[in-house]
Protein chains: 2
Amino acid sequence: MTITQNIKIAVDAIVFGYANNNINVLLIKQKFGELKNQWALVGGFVKDDERLNDAVNRELNEEAGIKVNYLEQLYTYGDDINRDPRFRVVSVAYFALVNSTKLVLTADSDAEDAKWFPIGNLPPLAFDHREIITTAHNRLKSKLTYQPIGFDLLPEEFLFSDLENLYCTILEKEIDRRNFRKKTLSFGIIEETVNFSPKKNGRPAKLFKFNKQKYNELFKGGFLFEIKFA
Amino acid sequence: MTITQNIKIAVDAIVFGYANNNINVLLIKQKFGELKNQWALVGGFVKDDERLNDAVNRELNEEAGIKVNYLEQLYTYGDDINRDPRFRVVSVAYFALVNSTKLVLTADSDAEDAKWFPIGNLPPLAFDHREIITTAHNRLKSKLTYQPIGFDLLPEEFLFSDLENLYCTILEKEIDRRNFRKKTLSFGIIEETVNFSPKKNGRPAKLFKFNKQKYNELFKGGFLFEIKFA
DNA sequence: ACAAAAGTGTTAATCTTACACCCATGT
DNA sequence: ACATGGGTGTAAGATTAACACTTTTGT
């Protein structure tokens, strides 16, 4: 049985980072082809002997020199036959998060043309990448409420106010500080450290840490993380 | 820029049907190749000029002569390079539901080798199809609690007790009839019809109908369907 | 009259929301 | 002493959970 098929498989990564009350998306500038100088998602073709997830990690490393904290498959784009003007490409898009200590892109490899853009201020994008980012953004917003992925956008140790601001920013909602704190602490998956923030203004704030192991245990026991606010 | 790549793209469909307090999965018997006579999911290779979702619908029609009530992309399987022993295949799996009036497979097309199997009693399966079905089954269980997809497994008009049994069966939980009815009716998306069930035993029961249009309106306004029970 | 499944309300417990003042530091 | 952001408790309201008897039909 022989199959002739002329479709190429690519992977693309939507990488989100959080800084200064802003969600940022990692983009790279196309260097070749018809779409030269347009901005696009990190991505590329899958090698014959390469797993899909290895392909994404490889591209992230080659094109932006970055290692992500969280990676999951998002959606496979293959319904628009002409999404790539050159030939038919089906792209498996991955949703990724990096914590804010990695927001400075190191200039090694091809990374010079990689840049963070605030989600509210994206440049014109190649292919259907704008649409893909919208899907990823929706995933971010909804997933934040039922999985503890916010911690993958923050440094190892963080201020409670940072966590709160992250939720406010991404969900575009006002949050009551007391209720938020009560709720999130009640899960028992966030721990106080002995450290304090190096702040200029106001009362010094304790630094907190997400206990992932504890979360995993609770999760196995049926516990569901959930943050919802009117 | 030329890309050489030797990976084929296929689609597979996990179709669930509900009957007699049982979830059933649609499988077909392989006719050719090394895996001849093994059971497998409906699926096949994508044509060069065919959208992914068109490919699934075509395969569903060709191999089982069935039209589904609900279809969504599930996951793309491409991390196991040898999942198909012949050559590398990346498969986009789709999650589908049919309502119980369609559980009798018409014998047209290739459908003679298509059969429903209770999820608790599957035959040995080709490729990684067992694993794919597990993922789909999990999606069914979780989605049932936050989207009104249960109605796609029932006939147009159904008994409240059928709906309740469907939830009990799929979620593997006891449900309080009064609380369940109160909650689901409170959404205002289920309507009483004038018809009654043709039952042998007990008090005749009203037939109900899901008002999809109403749900869509509410959904746009921010309403979230949610059925959770301890 | 009895078997079988449908239909229906109330109460306690829990969770969610709304809301305002004091605290610790730097300048 | 004041400006800045951190930290905390309580009460009303809404939602969920637990629970048992009556109704309508066929036999």
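Proteins get letters first, then strands, A, B, ... in listed order; numbering begins at 1 in each. Please read these numbers as outputs of a predicted model, since none were measured by experiment. Reckoned from all heavy atoms, side chains included, excluding hydrogens, waters and symmetry mates.
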Under 4.0 angstrom between B:Lys183 side-chain N/O and D:dT16 OP1 or OP2 | yes

Can you find an N or O donor on one side and an acceptor on the other, under 3.5 Å apart, linking the side chain of A:Asn201 with the base of D:dA3?
-> no

Donor-acceptor contact present, side-chain A:His129 to main-chain A:Ala40, <3.5 Å = no

Whole angstrom value for the distance that separates C1' of D:dG7 from CG of A:Leu163 = 15 Å

Starting at CZ of B:Phe196 and ending at P of C:dA4, how long is that distance when rounded to a whole Å?
-> 22 Å

Nearest of D:dT8, D:dA17, D:dG9 to any side-chain atom of A:Asn179?
-> D:dG9

When you check the phosphate oxygens OP1 and OP2 of C:dA6, does a side-chain N or O of B:Ser161 lie under 4.0 Å from one of them?
-> yes

Using a strict cut-off of less than 4.0 Å between a Lys/Arg side-chain nitrogen and an Asp/Glu carboxylate oxygen, indicate whether A:Glu131 and A:Arg83 qualify as a salt bridge.
-> no

Is any side-chain N or O of A:Lys206 under 3.5 Å from a base N or O of C:dT25, one able to act as donor and the other as acceptor?
-> no

Quick one: does A:Arg178 reach the base of C:dA20 with a side-chain donor-acceptor pair under 3.5 Å?
-> yes

Here the distance between atom C1' of D:dT22 and atom CZ of B:Arg177, to the nearest Å, is 12 Å

Whole Å only: how far is the CZ atom of A:Phe180 from the P atom of C:dT17?
-> 14 Å

Any chance the side chains of B:Tyr77 and B:Thr135 put a donor and an acceptor closer than 3.5 Å?
-> yes

Distance in angstrom units between B:Ile190 CD1 and C:dG7 P, rounded = 13 Å

Side chain of B:Arg181, base of C:dG7: donor and acceptor closer than 3.5 Å?
-> no

Straight-line distance of A:Leu125 CG to A:Ile133 CD1, nearest 0.5 Å | 5.0 Å

Rounding to a whole Å, what distance do you find between A:Arg203:CZ and C:dT27:P?
-> 18 Å

Please report, rounded to the nearest Å, how far the C1' atom of D:dT16 is from the NZ atom of B:Lys182.
-> 9 Å

Is the shortest distance from a Lys or Arg side-chain nitrogen in B:Lys214 or B:Glu191 to a carboxylate oxygen in the other one below 4.0 Å?
-> no

Polar pair under 3.5 Å, donor/acceptor by atom type, side chain B:Lys200, base D:dT25 = no

